[in-house]
Amino acid sequence: MALRFYNTLTQQVEPFAPLSGNVVRMYTCGPTVYNYVHIGNLRTFTFQDILRRWLQARGYQLDHVMNITDIEDKIIRHAAAAHQTIYEYTAKYAEAFLEDTDKLRLQRPEHLVKATDHVNEMVEAIQKLEQRGFTYLSDGSVYYRISKFPEYGKLSHNDFSGIRAGARVDVDEYDKADARDFVLWKAKKDDEPSWQTPIGDGRPGWHIECSVMAMKYLGETLDIHTGGVDLTFPHHENEIAQSEAITGKPFARFWLHAEHLSIEAQKMSKSLGNFYTLRDLIGMGYPPEVVRYLLESVPYRKKLNFTMDGLKAAATSIERLRNYKLRLETDKFPAGTNDNLIERTQKATQAFDEALDDDLNTAEALAAVFEYTRDTNTAMDAGEFLTGNAISALEFLQHFDSIFDVLKPTAQTGGVNDEEVEAEIAKRDAAKKSRDFKMADQIRAQLAEKGVIIEDTKQGVRWKRQ
RNA sequence: GGCGCGGUAGCCAAGUGGUAAGGCAGAGGUCUGCAAAACCUUUAUUCGUCGGUUCGACUCCGAUCCGCGCCUCCA
């Protein structure tokens with residue numbers, strides 16, 4: 001079966017192909033940079049990375065836009081508290097965001113764009129909405145009139161016809177005609193950053209930036225729009241209302257939403273003290289790729305229970321695969337090729353690919369990898385695994401790692417270099433030959449302290465860094 | 001109240017009409033100077049509960065219990 005995704009819009013799994021050619025035009029709601037991103041944010045971004053990589057593996061080229069929200073209520077508040085401009089304040093966290101995603105090995109989108117660089121385009125979009133009669137003014141702010149857009153609610157599958165103005169407290173303290181209406185342009189307030197524009201002094205509302213930046217770089221109809229589930233309503237619903245009111249065309253063909261994660265079965269929150277950033281976890285001794293593995297091991301539409309036990313299990317699982325790779329690279333296999341095992345590799349590759357084609361079922365894809373490693377390890381023990389099989393096994397492993405990207409350890413600073421390790425191993429070999437096991441064990445222990453693990457195999461010593 | 005998701009072994013988790021993947025942890029074993037790695041055996045007669053449909057259900061239908069998300073900012 002071909003590549004397919006669950007589409008929130010239709011609530012169904014649908015075959016996917018881009019609208020034109022083999023370029024996938026995709027938009028992702030990026031971070032609001034008022035703080036370090038937390039592990040929940042990173043789950044969503046990791047899902048998008050898997051999505052990117054799998055689309056590429058299936059021969060598609062990506063044109064992917066991610067926004068960075070650098071103007072917004074919280075940012076204004078935090079920047080003011082820090083006595084900084086919003087630019088100074090957000091630059092730090094935007095940079096930190098990229099550091100974190102780099103550590104998690106997330107591919108960078110083709111376009112990483114800031115809201116504040118697109119205020120003019122947002123104003124133009126709002127003017128278009130005005131011309132088409134989708135807006136109204138209230139206290140100098142511009143609002144979107146949802147009653148003009150009958151399809152409102154089609155993404156979140158909510159029926160809003162029953163909600164009327166006054167049904168709920170207006171938190172913005174502005175007068176809205178309808179409780180559902182949202183702000184496109186906020187009138188200038190004292191002490192707040194603002195732009196002088198034809199639609200008045202003020203700043204953009206949150207929702208308009210994504211519509212504008214998506215369409216500027218990707219055109220009027222996107223192939224895929226992604227984000228966290230919580231954004232489905234109202235953010236994505238509002239994006240549709242804005243964009244489709246302007247163009248009269250479908251805004252995005254596929255809406256993919258990543259589920260949230262919980263921490264030890266509890267909602268992540270600062271008050272519970274279970275609010276983790278990647279930096280926190282690295283500080284606790286977990287390498288970034290371990291976090292990556294845990295985040296990608298649960299299919300993106302399933303809630304992920306993030307636990308310390310899970311992190312430890314992830315570390316062990318990666319270790320198993322790394323050991324397997326090391327064995328493939330260092331063991332000496334008999335010459336030739338076992339055709340049965342070549343077939344086994346093809347079967348594993350097929351299972352892996354089919355799992356990912358099926359709405360990115362990463363859990364099932366991993367199962368295919370582990371089953372294969374067990375079977376081939378068994379074949380190695382039985383002497384049935386030949387040189388030619390090692391080549392195809394490494395290719396399969398490479399295929400796996402081109403998506404999951406966990407086999408290469410994150411470089412540790414300090415430690416011993418390769419030559420020193422080899423020299424110590426030679427000394428230990430000599431000690432072993434003269435049956436001085438005490439000395440041999442001592443050398444092994446010393447290397448272990450430096451993060452180098454020594455293993456004796458039938459074909460000699462091999463080593464790895466921890 | 002509305003919309004939606006989920007409850008599968010100690011933990012994580014796949015499967016969604018044909019008789020329970022995979023990972024981690026645990027137990028026993030093989031190999032080894034000892035380790036490590038690897039492998040083997042073992043760990044759910046059962047998939048929240050109760051009914052129904054069916055030759056057959058974890059998978060479909062109904063009811064029910066529990067947990068969670070969204071419905072105002074939130075990945």
Side-chain angles (χ1 to χ4, degrees), chain A residues 8 11 28-32 37-48 72-74 153 156-160 162-163 168-172 179-180 182 206 226-235 237 257-262 265-269 293-294 297-324 326-327 330-331 351 355 358 361-382 432 435-438 440-441 444-445 448 453-458 461-464:
Chain A
T8 305
Q11 297 179 298
T28 287
C29 290
T32 300
V37 290
H38 55 67
I39 198 65
N41 297 305
L42 291 171
R43 199 246 172 137
T44 299
F45 298 129
T46 302
F47 142 67
Q48 280 149 184
E72 177 263 357
D73 292 8
K74 276 199 207 78
S156 54
H157 305 282
N158 277 315
D159 178 9
F160 292 93
I163 303 175
R168 131 179 336 140
V169 179
D170 183 351
V171 291
D172 283 340
R180 302 172 297 170
F182 58 92
W206 176 44
T226 70
V229 273
D230 55 295
L231 295 185
T232 308
F233 185 88
H235 183 55
E237 201 73 73
H257 289 105
E259 249 301 345
H260 281 185
L261 60 72
S262 51
Q266 285 186 305
K267 189 183 167 92
M268 176 166 48
S269 76
Y293 182 94
L294 179 54
S297 64
V298 178
Y300 76 95
R301 283 204 296 128
K302 174 137 185 158
K303 289 184 184 75
L304 190 162
N305 187 15
F306 191 94
T307 65
M308 291 304 142
D309 282 350
L311 272 177
K312 287 179 194 122
T316 315
S317 298
I318 292 175
E319 198 52 35
R320 169 120 181 256
L321 295 173
R322 285 180 180 166
N323 285 330
Y324 176 71
L326 187 66
R327 188 176 188 188
T330 58
D331 266 20
D358 183 13
N361 191 336
T362 47
E364 205 169 341
L366 283 172
V369 173
F370 280 103
E371 258 180 290
Y372 175 77
T373 63
R374 192 195 56 225
D375 287 355
T376 46
N377 264 322
T378 303
M380 288 179 210
D381 287 353
K432 272 179 69 181
R435 302 196 66 80
D436 184 355
F437 294 122
K438 203 172 169 186
D441 289 353
R444 184 168 65 194
I453 307 298
I454 295 215
E455 296 174 359
D456 295 321
T457 73
K458 289 202 170 86
V461 183
R462 71 182 174 205
W463 65 276
K464 63 190 179 189

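Sequence lines set the chain letters: A, B, ... in the order given, protein chains first and strands last, and positions in each chain run from 1. What you see is a predicted model, and the numbers here were worked out from it, not measured in a lab. The figures that follow rest on heavy atoms only: side chains count, while hydrogens, waters and symmetry mates do not.
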Would you list the protein and nucleotides 36-38 of chain B atom pairs, both N or O, that sit under 3.5 Å from each other?
residue	atom	partner	partner atom	Å
B/rA36	O2'	A/Glu455	OE2	3.1
B/rA36	N1	A/Asp456	O	3.3
B/rA37	O3'	A/Asn323	ND2	3.4
B/rA37	O2'	A/Arg462	NH2	3.3
B/rA38	O3'	A/Asn377	ND2	3.1
B/rA38	O2'	A/Arg327	NH1	3.2
B/rA38	O2'	A/Asp381	OD2	3.0

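Protein atom NZ of A/Lys458 is 13 Å distant from nucleotide atom P of B/rC34, rounded to whole Å. Between A/Arg435 atom CZ and B/rC34 atom C1' there is a gap of 11 Å when expressed in whole angstrom units. Taking atom CD on A/Gln11 and atom P on B/rC70, their separation rounds to 18 Å, with Å as the unit. Atom pair A/Met380:CE and B/rC40:P shows a separation of 13 Å (rounding to whole Å applied). Whole-Å rounding puts the A/Leu366 CG to B/rC24 C1' distance at 13 Å. Between A/Glu259 atom CD and B/rG6 atom P there is a gap of 9 Å when expressed in whole angstrom units. Distance A/His157 NE2 to B/rC3 P: 13 Å, rounded to the nearest Å. In this structure, A/Asp375 places its CG atom 13 Å from C1' of B/rC40, rounding to the nearest Å.
Residues from residues 309-316 of chain A lying near RNA chain B, meaning a heavy-atom separation below 4.0 Å, are A/Ala313, A/Thr316 in numerical order.
Checking B/rC31, B/rG22, B/rG33 against every side-chain atom of A/Glu371, the shortest atom distance belongs to B/rG22. Listed nucleotides: B/rC24, B/rA75, B/rC31. Nearest to the side chain of A/Ser317: B/rC24. The side chain of A/Asn158 lies closest to B/rC3, out of B/rC3, B/rC31, B/rA75.
The two atoms that bring A/Leu294 and A/Leu304 nearest to each other are O-CD1, 3.7 Å, heavy atoms only. For the pair A/His257 and A/Arg301, the tightest heavy-atom approach, listed with the atom from each and the gap, is O-CG, 4.1 Å.
For the pair A/Gly40 and A/Thr307, nearest-nucleotide mapping onto RNA chain B gives the more 5' position to A/Thr307. Comparing A/Lys267 and A/Pro234 along RNA chain B, the residue whose closest nucleotide (by nearest heavy atom) sits nearer the 5' end is A/Lys267.
A distance of about 10 Å separates the P atoms of B/rU16 and B/rC60, rounded to the whole Å. Between the P atoms of B/rG4 and B/rC12, the separation comes to 27 Å (whole Å). Taking the C1' atoms as reference points, B/rG48 lies 11 Å from B/rG6, given to the whole Å. B/rU8 and B/rG15: their P atoms are spaced 14 Å apart (whole Å). Rounded to the nearest Å, the gap between the P atom of B/rA75 and that of B/rA37 is 40 Å. Using P as the reference atom, B/rG62 and B/rC5 are 14 Å apart when rounded to the nearest Å. Rounded to whole Å, the separation between the P atoms of B/rG2 and B/rU42 comes to 50 Å. B/rC47 and B/rA13 have their C1' atoms separated by 13 Å, given to the nearest Å.
Checking B/rU19 for Watson-Crick or G-U wobble geometry (two distances, each under 3.5 Å) identifies no partner in any strand. The base-pairing partner of B/rG69, taking Watson-Crick or G-U wobble contacts with both distances under 3.5 Å, is B/rC3.
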Could you check A/Arg180 against A/Phe182 for side-chain contact (heavy atoms from CB on, under 4.5 Å), going step by step and ending with a plain yes or no? CA-CA 6 Å; A/Arg180 302 172 297 170; A/Phe182 58 92; over 6 Å; no

May I have the step-by-step check of salt bridge (charged side-chain N to carboxylate O under 4.0 Å, His left out) for A/Asp331 and A/Arg462, ending in yes or no? CA-CA 9 Å; A/Asp331 266 20; A/Arg462 71 182 174 205; 3.6 Å; yes

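Contacts of A/Met268 with the nucleic acid, taken as non-hydrogen atoms under 4.0 Å apart, include base atoms. Looking at heavy-atom distances under 4.0 Å, A/Phe437 makes contact with a base. A/Leu294 comes within 4.0 angstrom of nothing in the nucleic acid, heavy atoms only. Among the heavy atoms of the strands, none lies under 4.0 Å from A/Ser262. Residue A/His38 is in base contact, counting any heavy-atom pair closer than 4.0 Å across all strands shown.
When the side-chain hydrogen bond (donor to acceptor under 3.5 Å, both in side chains) test is applied to A/Ser297, no partner is found at least two apart in sequence or on another chain. For A/Arg322, the side-chain hydrogen bond (donor to acceptor under 3.5 Å, both in side chains) partners are A/Glu289, not counting sequence neighbours. For A/Lys74, the side chain to side chain contact (heavy atoms under 4.5 Å, CB included) criterion is met by A/Tyr34, A/Glu72, A/Arg77, A/His78, not counting sequence neighbours. In this structure, A/Tyr293 has no side-chain hydrogen bond (donor to acceptor under 3.5 Å, both in side chains) partners at least two apart in sequence or on a different chain. Applying the ring pair (Phe, Tyr, Trp, His ring centres under 6.0 Å) criterion to A/His260, with sequence neighbours excluded, gives no partner residue. Listed by chain and residue number, nothing satisfies the ring pair (Phe, Tyr, Trp, His ring centres under 6.0 Å) test with A/Phe306 (two or more places apart in sequence, or in another chain). Under the ring pair (Phe, Tyr, Trp, His ring centres under 6.0 Å) criterion, A/Tyr372 pairs with A/Phe396, not counting sequence neighbours.
A donor and an acceptor atom never sit less than 3.5 Å apart when one is taken from the side chain of A/Arg301 and the other from the base of B/rC5. Donor-acceptor pairing under 3.5 Å, judged by distance alone, is absent between the side chain of A/Asp230 and the base of B/rG69.
Evaluation of the side-chain hydrogen bond (donor to acceptor under 3.5 Å, both in side chains) test over residues 308-320 of chain A, restricted to residues two or more places apart or in two chains, returns A/Glu319-A/Lys464. Within the structure, every pair that satisfies the salt bridge (charged side-chain N to carboxylate O under 4.0 Å, His left out) test and touches residues 364-379 of chain A, not counting sequence neighbours, is listed here: A/Arg344-A/Asp375.
Remark: ring of A/Phe370 does not overlap the six-membered base ring of B/rG22 in a stacked fashion, as centroids less than 5.5 Å apart with planes less than 30° apart are not both met. The stacking criteria are not both satisfied for A/His260 over the base of B/rG69, which would need a centre-to-centre distance under 5.5 angstrom and an angle between ring planes under 30 degrees.
Between atom CD of residue A/Glu455 and atom CZ of residue A/Arg444 there is a gap of 10.0 Å, rounded to the nearest 0.5 Å. The line from CG of A/Asp230 to OG1 of A/Thr44 is 7.5 Å long, rounded to the nearest 0.5 Å.
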Contact letters for nucleotides 13-20 of chain B, in which S counts primed atoms plus P, OP1 and OP2 and B counts the base, heavy atoms under 4.0 Å: SSS-----

